[in-house]
Trainee: 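Pasting in a structure now, in structure tokens, and then I'll have a few things to ask.
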Amino acid sequence: MAWSSSLQSRLLLSSFLGDRLVHSTKPLGPLRLCNQGKKQASVQLSRTLCNLAELLFNRRNKDDSLNNKRKRLQPGEVSPCLTVPDHIPRPSYVNSRQSPGIASGPEVHDERGIECMRASGRLAAQVLEYAGTLVKPGTKTDEIDKAVHEMIINNGAYPSPLGYGGFPKSVCTSVNECICHGIPDSRALEDGDIINIDVTVYLDGYHGDTSATFFCGNVDDEAKKLVQVTRECLYNAISICAPGVEFNRIGKTIHNYADKFRFGVVRQFVGHGVGRVFHADPVILHYRNNERGRMLLGQTFTIEPMLTMGSTNPVIWADDWTAVTEDGRLSAQFEHTILITENGAEILTQC
């Protein structure tokens, strides 16, 4: 979860946002832009681009199906929020519907902080691995949420998404064309689905953030290729990280690789610093860009590319969270929290 910001007059949204996208199924709400003088122009441009994208990408059959094979994702019933025992420490944003945004300044850690980040990252990875074993036809995403919730609190941690800006669940489950921030609900997974599960835990004052896309039953080759390339984009980007490396090399690496397979790179959601706060500087762009800034020794942040088969433009559901591709084509995502070390980058969110 994160926040919207304006970089060179562009509206960007982090991987988990309190503010919403300009193109939404609901009336346009207020935007928080760093440069308020450009607000009106930015909104009008975004509307124009989204309307054009609607004409180009969002033509679909009346039965709301895709090529008569897979029906568009529809909201299910969302169960009540789960509870967390009182003895488990909570992040400061819990019980406030206001998103805290991206904290200024990088997350750079001393030795104790690094060990805490390793512990939170390791737990997040273990929870994600377990959640992946639950992916099978007939399983409801709400059941995945409940299992993840129990594992996190049983390890003395808090599920970071729960209560962040009003998010009602402990994990994100993004199925098929859902780019990110899918809310677990009563929909049962179907044979051939793909699902991204995004886990963040708050353990001893530090957040560990990770996600992966899993196959449900018999997935077609086209979907498998999308998932494979998205994962490779993440690891290619991690491989170039080291002290002093410019952050914009991450986006260039991901975008160049995705282009080879003609997959789209989502621009509206980004990686972020993570550690003592859920979302901090720097904002990590996954596409080619000219943003400034270099990686620091002892710094932690996420890289989380989202690739699509078609349109990269998101539409936000009425729940104010679920972001889906406007043409209904598949999207995949992978994410790791990494630590910048003298030798390059250490992946903290792996078992």
Side-chain angles (χ1 to χ4, degrees), residues 2-3 5-8 10 12-16 34 102-118 120-122 124-125 200 206-212 228-261 263-307 333-350:
W3 184 252
S5 63
S6 179
L7 296 175
Q8 294 183 353
R10 294 189 303 272
L12 301 175
L13 296 100
S14 191
S15 70
F16 220 141
C34 294
I102 293 181
S104 61
E107 284 281 349
V108 178
H109 307 279
D110 57 17
E111 284 302 317
R112 179 187 176 278
I114 289 173
E115 288 307 311
C116 288
M117 284 299 298
R118 285 175 175 147
S120 63
R122 184 166 53 250
T200 312
Y206 290 79
H207 297 271
D209 191 0
T210 186
S211 84
Q228 175 187 339
V229 171
T230 307
R231 185 178 186 276
E232 290 168 351
C233 280
L234 171 60
Y235 282 93
N236 289 348
I238 293 173
S239 71
I240 60 94
C241 293
V245 173
E246 292 182 331
F247 286 109
N248 59 35
R249 286 190 59 194
I250 292 175
K252 181 179 180 181
T253 299
I254 291 170
H255 211 154
N256 287 350
Y257 194 71
D259 278 353
K260 293 180 180 179
F261 302 91
F263 290 133
V265 180
V266 175
R267 298 188 176 208
Q268 289 86 348
F269 300 95
V270 300
H272 52 88
V274 64
R276 287 155 293 204
V277 297
F278 198 165
H279 302 95
D281 287 333
V283 169
I284 305 297
L285 307 182
H286 302 119
Y287 57 92
R288 284 184 289 270
N289 66 88
N290 295 314
E291 298 302 330
R292 311 298 291 271
R294 295 178 182 272
M295 302 172 196
L296 303 173
L297 183 66
Q299 185 177 22
T300 51
F301 55 87
T302 71
I303 304 175
E304 43 193 300
M306 286 148 271
L307 270 56
Q333 178 189 13
F334 282 84
E335 173 186 12
H336 273 310
T337 297
I338 66 170
L339 165 71
I340 301 301
T341 70
E342 293 180 352
N343 299 319
E346 176 185 339
I347 299 174
L348 298 178
T349 45
Q350 61 183 2

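This structure is a prediction, so every number in the text was calculated from the model and none was measured. When a residue number appears, it is its place in the shown sequence, counting from 1.
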Trainee: Are any of the side-chain heavy atoms of I240 and K252 separated by less than 4.5 Å?
Mentor: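 Contact flag for I240/K252 side chains = no.
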Trainee: Within this structure, what is the CE-CG distance for the pair M117 and L348, rounded to the nearest 0.5 Å?
Mentor: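 Between M117 CE and L348 CG, I get 5.5 Å after rounding to 0.5 Å.
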Trainee: For P243 and G344, which heavy atoms make the closest approach, and how far apart are they?
Mentor: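 So the minimum-distance heavy-atom pair works out to CD-O, 4.2 Å.
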Trainee: Can you label the angle between the F278 ring and the H207 ring as parallel, tilted or perpendicular, going by 30° and 60°?
Mentor: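 Ring orientation of F278 relative to H207: parallel.
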Trainee: For V277, what residues pass the side-chain contact (heavy atoms from CB on, under 4.5 Å) criterion, not counting sequence neighbours?
Mentor: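 Here the qualifying residues are A103, E107, A280.
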Trainee: Taking side-chain contact (heavy atoms from CB on, under 4.5 Å) as the test, write out the residues that go with A125, two or more places apart.
Mentor: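 side-chain contact (heavy atoms from CB on, under 4.5 Å) list for A125, sorted by chain: C351.
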Trainee: Main chain of Q333, side chain of T230: is a donor-acceptor contact present, judged purely on distance under 3.5 Å?
Mentor: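 Side chain of T230 to backbone of Q333: no pair is present.
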Trainee: Hey, could you give me the SG/NZ distance between C233 and K260, rounded to the nearest 0.5 Å?
Mentor: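 Interatomic distance, C233 SG to K260 NZ, rounded to 0.5 Å: 10.0 Å.
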Trainee: May I ask you to test the L339-R118 pair for a side-chain heavy-atom distance under 4.5 Å?
Mentor: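 Contact flag for L339/R118 side chains = yes.
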Trainee: What's the spacing between L285 CG and N248 CG if we round to 0.5 Å?
Mentor: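 Here the interatomic distance stands at 9.0 Å.
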Trainee: Identify the heavy atoms of D281 and G105 that sit nearest to each other, and give their distance.
Mentor: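 The answer is OD2-N, 2.9 Å.
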Trainee: Could you work out, with side-chain contact (heavy atoms from CB on, under 4.5 Å) as the rule, every residue matching C241, not counting sequence neighbours?
Mentor: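 Expected list: I250, M295, F301, I303, I338, I340, A345.
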Trainee: Atom CG in L234, atom CD1 in I347: separation rounded to 0.5 Å?
Mentor: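 These two atoms lie 7.0 Å from each other.
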Trainee: Would the distance check show the side chain of H286 and the main-chain N or O of E304 forming a donor-acceptor pair, the cut-off being under 3.5 Å?
Mentor: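 Here the side-chain-to-backbone pair exists.
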Trainee: Taking C-beta and beyond as the side chain, do E115 and H109 meet within less than 4.5 Å on heavy atoms?
Mentor: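 E115 vs H109: side chains apart.
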Trainee: Just jot down the side-chain contact (heavy atoms from CB on, under 4.5 Å) partners of R294, sequence neighbours excluded, or say none.
Mentor: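 With neighbours one apart ignored, the set is E246.
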Trainee: Are the side chains of F247 and N289 in touch, meaning some heavy atoms are under 4.5 Å apart?
Mentor: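 Answer no - side chains too far apart.
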Trainee: List for me each residue that meets side chain to side chain donor-acceptor pair (under 3.5 Å) alongside H255, sequence neighbours excluded, and say none if there are none.
Mentor: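 Residues passing side chain to side chain donor-acceptor pair (under 3.5 Å) with H255: none at all.
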Trainee: Filter on side chain to side chain donor-acceptor pair (under 3.5 Å), then keep only pairs touching residues 231-242, sequence neighbours left out; what's left?
Mentor: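 Passing the test, one end in residues 231-242: Q228-E232, E232-Y257, Y235-H336.
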Trainee: S211: what forms a side chain to side chain donor-acceptor pair (under 3.5 Å) with it, not counting sequence neighbours?
Mentor: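 Side chain to side chain donor-acceptor pair (under 3.5 Å) check on S211 returns N196.
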Trainee: Quick check: do E346 and I114 have side-chain heavy atoms less than 4.5 Å from each other?
Mentor: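 Result no, sub-4.5 Å side-chain heavy-atom pair not found.
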Trainee: Could you work out, with side chain to side chain donor-acceptor pair (under 3.5 Å) as the rule, every residue matching T337, not counting sequence neighbours?
Mentor: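 For T337 there are no side chain to side chain donor-acceptor pair (under 3.5 Å) partners, ignoring immediate neighbours.
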